[in-house]
Amino acid sequence: PEDARIHARVALRETLLGVLSQVLCRSNQGTRVPAFELVTNSSVFSALMDDANAAKMEHHIASGAEGTHRLDDSLHQLVASGLIDGREAY
């Protein structure tokens with residue numbers, strides 16, 4: 001029911017601090033290094049959760065908006081620093 005969905009979104013918005021997603025990449029030295037994506041529960045993202053608009057939430061993350069760190073940016077930093085090969089990032 002719609003009331004339950006609204007209640008769940010409000011509860012999530014009020015308790016969620018952030019979401020961290022991590023990928024372990026093989027480094028050029030044979031070890032593993034983490035690449036990550038981070039979304040913190042900013043006021044903008046909280047409002048997007050209220051709207052339940054997944055497309056806008058995805059755009060918020062993809063744009064690298066305040067409170068986010070994109071996985072692509074993390075991979076780019078690892079390649080630029082020479083820690084991983086571009087093929088590993090792909």
Side-chain angles (χ1 to χ4, degrees):
E2 185 61 25
D3 287 348
R5 278 184 237 150
I6 291 170
H7 179 71
R9 282 196 305 265
V10 168
L12 184 62
R13 182 194 72 218
E14 291 176 352
T15 58
L16 183 71
L17 297 177
V19 177
L20 176 68
S21 174
Q22 176 180 291
V23 175
L24 293 175
C25 302
R26 188 174 310 280
S27 75
N28 292 330
Q29 293 78 27
T31 60
R32 298 278 183 177
V33 293
F36 65 92
E37 183 163 80
L38 174 67
V39 179
T40 59
N41 191 3
S42 65
S43 59
V44 172
F45 199 76
S46 184
L48 293 174
M49 281 193 283
D50 279 345
D51 293 342
N53 190 324
K56 285 185 180 178
M57 285 188 261
E58 289 178 30
H59 182 266
H60 178 77
I61 296 166
S63 69
E66 180 182 348
T68 66
H69 182 82
R70 299 177 329 135
L71 179 61
D72 287 349
D73 293 337
S74 187
L75 290 167
H76 181 2
Q77 290 170 349
L78 292 171
V79 171
S81 68
L83 286 173
I84 66 171
D85 187 82
R87 290 174 294 194
E88 180 68 18
Y90 182 71

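Side chains are part of it too, since the values below use all heavy atoms of this structure and drop only hydrogens, waters and symmetry mates. In this chain, residues are counted from 1 in sequence order.
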Peer 1: Search all heavy atoms of S74 against all heavy atoms of P34 and return the closest pair with its distance.
Peer 2: OG-O, 4.4 Å
Peer 1: So, using side chain to side chain donor-acceptor pair (under 3.5 Å) as the criterion, who are the partners of D72 when residues are at least two apart?
Peer 2: none
Peer 1: Could you pull out all residues at least two apart from R26 that satisfy salt bridge (charged side-chain N to carboxylate O under 4.0 Å, His left out)?
Peer 2: none
Peer 1: Taking all non-hydrogen atoms of both residues, which atom of M49 and which atom of M57 are closest, and how far apart?
Peer 2: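 That closest heavy-atom pairing would be CG-SD, 4.0 Å.
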Peer 1: Are L71 and V39 in one and the same hydrophobic cluster, where Ile, Leu, Val, Met, Phe, Trp and Tyr link if side-chain heavy atoms are under 4.5 Å apart?
Peer 2: no
Peer 1: Can I get a per-line list of side-chain donor-acceptor pairs under 3.5 Å for residues 14-24, giving both atom names and the distance, sequence neighbours left out?
Peer 2:
residue	atom	partner	partner atom	Å
T15	OG1	A11	O	2.8

Peer 1: Using the salt bridge (Lys or Arg N to Asp or Glu O under 4.0 Å) rule, collect all pairs that involve residues 73-84, keeping only residues at least two apart or in two chains.
Peer 2: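 For residues 73-84: R70-D73.
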Peer 1: I'd like to check the salt bridge (charged side-chain N to carboxylate O under 4.0 Å, His left out) partners of R9; sequence neighbours left out, ordered by chain and number.
Peer 2: E2
Peer 1: Considering residues at least two apart in sequence or located in another chain, which fulfil the side chain to side chain donor-acceptor pair (under 3.5 Å) criterion with D85?
Peer 2: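 For D85 the side chain to side chain donor-acceptor pair (under 3.5 Å) partners, ignoring immediate neighbours, are R87.
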Peer 1: Would you list the pairs meeting ring pair (Phe, Tyr, Trp, His ring centres under 6.0 Å) in which at least one residue belongs to residues 70-90, sequence neighbours left out?
Peer 2: none
Peer 1: Under the ring pair (Phe, Tyr, Trp, His ring centres under 6.0 Å) rule, collect the residues that match up with H59, sequence neighbours excluded.
Peer 2: none
Peer 1: For A89, which residues count as a side-chain contact (heavy atoms from CB on, under 4.5 Å) partner, sequence neighbours excluded?
Peer 2: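 Only L75, V79, I84 meet the side-chain contact (heavy atoms from CB on, under 4.5 Å) criterion with A89.
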Peer 1: Return the minimal non-hydrogen interatomic distance between L83 and Q29, and the atom names on each side.
Peer 2: O-OE1, 4.1 Å
Peer 1: To the nearest 0.5 Å, how far apart are OG in S27 and CZ in R32?
Peer 2: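 Here the rounded value is 9.0 Å.
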Peer 1: What residues form a side-chain contact (heavy atoms from CB on, under 4.5 Å) with T40, not counting sequence neighbours?
Peer 2: L38
Peer 1: List in chain and number order the residues that pass side-chain contact (heavy atoms from CB on, under 4.5 Å) with Q77, two or more places apart in sequence or in another chain; answer none if no residue qualifies.
Peer 2: H69
Peer 1: Can you name the side chain to side chain donor-acceptor pair (under 3.5 Å) partners of S81, sequence neighbours left out?
Peer 2: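 S81 satisfies side chain to side chain donor-acceptor pair (under 3.5 Å) with no other residue.
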Peer 1: Please examine the side chains of I61 and E37, heavy atoms only from C-beta on, and report whether any two atoms are closer than 4.5 Å.
Peer 2: yes
